[in-house]
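Chain naming here is simple, since letters A, B, ... match the order of the sequence lines and numbering starts at 1 in each.
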Amino acid sequence: MFHILEKRIAAAVSSRIASLYNLTTPVQTEQPKQAGFGEVAVPAAFQLARELKKAPKAIAAELADLTIPGVSKIEIAGNGYLNIRLDRGYYAHHLLTGDTGAEPRTAEKIIVEHTNINPNKAAHIGHLRNAILGDTFVRMLRSTGQRVEVQNYIDNTGVQVADVVVGFRHLENKSPGQVQQLIDSEKFDYYCWDLYARVGTYYQENPDALKWRAETLHSIEANAGAEAEIAHLVADAIVHAHLATMLRLNIEYDVLPRESEILHLKFWAIAFEQLKERKAIYFETEGKNKGCWVMPSSAFREGSDNEEDSKVIVRSNGTVTYVGKDIAYQLWKFGLLGKDFYYRPWHRYPDGHQVWASTDQPQNNDMHFGAGSRVYNVIDSRQSYLQDVVVAGLRALGYNDQAGRSVHFSYEMVALSPATCVEMGIELSEEDKRKSYVEMSGRKGLGVKADDLIDKLIEKALDEVTSRNADQPAQERNRIATKIAVAALRYFTLKYTRNTVIAFDFGEALSFTGETGPYVQYAAVRAHKILAKLGERGEALPDFRSALSREAMERHLADEGCWQLLLEASKADSAIERSVESGEPTHVARYAFQLAQSFSTFYQKYPVLSETDPERKTFLLWMTDYFRAQLERTLAVLGIEVPEYM
RNA sequence: GCGCCCGUAGCUCAGUUGGAUAGAGCGUCUGGCUACGAACCAGAAGGUCGGCAGUUCGAAUCUGUCCGGGCGCACCA
């Protein structure tokens, strides 16, 4: 509702400027510094002052002569601000009737790719940041009416999987059958976590062993032999583990495109022909990249023509690099490859949603994915160089529009705080001790596993729930503790902007008070409790539409405190819109916290059930219900559920 | 060496794209449960927005420069 009025005000001022001065200037709106200044401020007069060679104040006076539906007053303030006061009765009435003037969106398909964890070991907290950011962004887009397809790319043929296969074959002498037994009997992703680290150490101590990796990669590529078989078993089992971990956080996917099919279905071969044909890459005949197909650095780095900086796309042995495959994959995402995968059902979630995986075998279905008009790749910022190369590839092929609609949705890494390292018994080098945080490393087995963190959070939440609700059944307390744990984790991950390095600290992540997910849930639970108590006392929830006239609302909203709280509660759409535009999910998270704070203030200041004036009680009940709805909606966008109690 | 990112309260971070008196949480201190549940609320203390120079009506925000920190710059992904 609020952002509709903001837009209406901006449009009105804009057309006023056009008619007065014959100028087309974009009009900004902002929030006044003080509540007493009104609800919306327009600084347009300052921008016009220079062009018109007039005092801002005089311009503001001319602009102010406007009537806008929903606006009660326009004042000139300061040196030339237009301060705008909303018509409170109008505003509340429209909130009540749900007639907020929101317009539906056109349904172009947006592709969001996130998670993309190498299927060779358990997920860690860095992967969680990726998945939570991606999933929340998806929820934001969907809540504004966009059509979104969620992809989770599976690199099942790469070095990381090969190294775990090396571990099984050469360090543990296991057959495919024995690996299958492990999958059935162990927490397999944890097992691989340790094994992968062991292989890393082994390589360091025995560099000759690297030949095992090369052999294994060949076997996987030829899709033959025990190595290839184990690689399939490992990758599939780990993907299932990752999906199970993510589901704990309410994260689901639509499709899993796999690298094996990019190769088998010759996606790369098609892209390779295009790249050669358009001369986006060339065959290097001398220097360090002799015998490779390379992309010149001038394509992806401004002002660079140093051949040493060129990026190898096809190795001298004829195999394609990750970037090459990624260019082919990106082409497919935009529907520019003229080809699609086949799809087989991979897994059906408890809510009935089906996730599909790519396959190279024709299937008896008509599933199609990809061919989006806009693509967000949620990938950490350390890969921005490679993402630049991929986009340069699109551009070099002449797909400038698509290159412009390829967004590297980047975020900084999650590292470990020194305190967390000590807590986990990790020995730090002298160099690391001097740092304010320590980077995680899968190869060294250094990191906090996602499932471990979630378990810890649930355990702590369960303690809290039990201390207040010991009489409730254990299974139910457990379910509620899980919701609280998810809220804590998702909020903790989202409270930072994307380009802030998170130095993960158990103390902060496990906190349930202050600016946290559980704080917001608590507000929603309290709102719900008031409404539930009403029923317990034998009173019915009034029909607000018939019981509250516009005039009555206007009267009750003359109370400045009450009005400010309602105003804050009505700004969910603004927050979501701002998050989508800026690509910063944190704005919605922070709004949710503010909203919860506002409700806590309301809760403290305005006793609802003990109110003796019937009309005022009805009004306060409506406020409560509106807060409850807005809290639930905003939390849903963050992927957080509201428990019945906590 | 080159490229990108960061430096804001004791700590961890926001700051709506250049606007009015720079904000939260944690921590510290003071107060509030016989109440619609205290996972809460009210209040206090705490700032040369890394330094300097510029751009203009106006700068935490833009430009330059210096200082300090991080991450990239593979025929790994």
Point to revise | All ring pair (Phe, Tyr, Trp, His ring centres under 6.0 Å) counterparts of A:Phe593, not counting sequence neighbours | key: A:Tyr519
**Study point:** Partners passing side-chain hydrogen bond (donor to acceptor under 3.5 Å, both in side chains) against A:Arg382 (at least two apart in sequence or in another chain)
**Key:** A:Asp380, A:Glu439
**Study point:** Residues in salt bridge (Lys or Arg N to Asp or Glu O under 4.0 Å) contact with A:Lys495, at least two apart in sequence or another chain
**Key:** none
Review point. Does a distance-only test, which skips hydrogens and angles, find a donor-acceptor pair under 3.5 Å between the side chain of A:Asn289 and the base of B:rA74?
Key: no
Practice item. Determine the interatomic distance between C1' on B:rG70 and the same-named atom on B:rG23; round to the nearest Å. Key: 26 Å
Point to revise | Near-parallel close stack of A:Phe37 and B:rA20 base (under 5.5 Å, under 30°) | key: yes
Study note, to complete from the structure: With sugar-phosphate taken as primed atoms, P, OP1 and OP2 and all else as base, the protein-contact string of nucleotides 68-73 of chain B at under 4.0 Å (heavy atoms; B, S, -) is --SSSS
Study note, to complete from the structure: Against the side chain of A:Glu515, the closest entry in B:rC36, B:rU12, B:rG25 is B:rG25
Check your understanding: Any side-chain N or O of A:His3 under 4.0 Å from OP1/OP2 of B:rU16?
Key -> no
Exercise for review: Remember a base hit wins even if backbone is also touched, and classify A:Asn120 as base, sugar-phosphate or nothing at under 4.0 Å, heavy atoms.
Suggested key: nothing
**Study point:** side chain to side chain contact (heavy atoms under 4.5 Å, CB included) against A:His587, all qualifying residues, sequence neighbours excluded
**Key:** A:Arg578, A:Ser579, A:Ser582, A:Glu584
Please produce a list of atom pairs where a protein N or O lies less than 3.5 Å from an N or O of nucleotides 39-43 of chain B.
unit_1	atom_1	unit_2	atom_2	d
B:rA39	OP1	A:Tyr522	OH	2.9
B:rA39	OP2	A:Arg468	NE	3.2
B:rA39	OP2	A:Arg468	NH2	2.9
B:rA39	O4'	A:Arg468	NH2	3.4
B:rA39	N7	A:Arg468	NE	2.9
B:rA39	N7	A:Arg468	NH1	3.4
B:rA39	N7	A:Arg468	NH2	3.4
B:rC40	OP1	A:Gly514	N	3.2
B:rC40	O2'	A:Arg526	NH1	3.1
B:rC41	OP1	A:Tyr519	OH	2.5

**Study point:** Whole-Å P distance, B:rC4 and B:rC62
**Key:** 14 Å
Study note, to complete from the structure: Comparing nearest nucleotides in RNA chain B, the 5'-proximal residue of the pair A:Asn118, A:Glu581 is A:Glu581
Check your understanding: Contact class for A:Thr500 vs. all strands (heavy atom < 4.0 Å): base, sugar-phosphate, or nothing?
Key -> sugar-phosphate
Point to revise | Sequence-distant partners of A:Glu30, side chain to side chain contact (heavy atoms under 4.5 Å, CB included), two or more places apart | key: A:Ala41, A:Pro43, A:Tyr81
Check your understanding: How would you list, by chain and number, every residue that makes a side chain to side chain contact (heavy atoms under 4.5 Å, CB included) with A:Thr500, sequence neighbours excluded?
Key -> A:Tyr496, A:Thr497
Check your understanding: Looking at RNA chain B, which of residues 527-535 of chain A put a heavy atom within less than 4.0 Å of it?
Key -> A:Lys529, A:Ile530, A:Lys533
Check your understanding: Which residue lies toward the 5' end of RNA chain B, A:Leu82 or A:Gln160, if each is placed at its nearest nucleotide?
Key -> A:Leu82
Review point. How would you label the contact of A:Phe504 with the nucleic acid (heavy atoms, under 4.0 Å): base, sugar-phosphate, or nothing?
Key: nothing
Point to revise | In B:rU17, glycosidic geometry as syn within 90° of 0 or anti otherwise | key: syn
Revision key, fill the gap. Hits for side-chain hydrogen bond (donor to acceptor under 3.5 Å, both in side chains) against A:Tyr329, two or more places apart or cross-chain, chain-then-number order -> A:Glu113, A:Gln151
Review point. By ring pair (Phe, Tyr, Trp, His ring centres under 6.0 Å), which residues pair with A:His242, not counting sequence neighbours?
Key: none
Point to revise | Test: A:Glu641 and A:Arg490 ion pair at under 4.0 Å | key: no
Point to revise | Other residues, nucleotides, ligands: >12 heavy atoms within 6.0 Å of A:Lys290 NZ | key: no
Check your understanding: So what does A:Ala41 hit on the nucleic acid, given a heavy-atom distance under 4.0 Å: a base, only sugar-phosphate, or nothing?
Key -> base
**Study point:** Partner residues of A:Leu210 under the side chain to side chain contact (heavy atoms under 4.5 Å, CB included) criterion, sequence neighbours left out
**Key:** A:Tyr203, A:Arg213
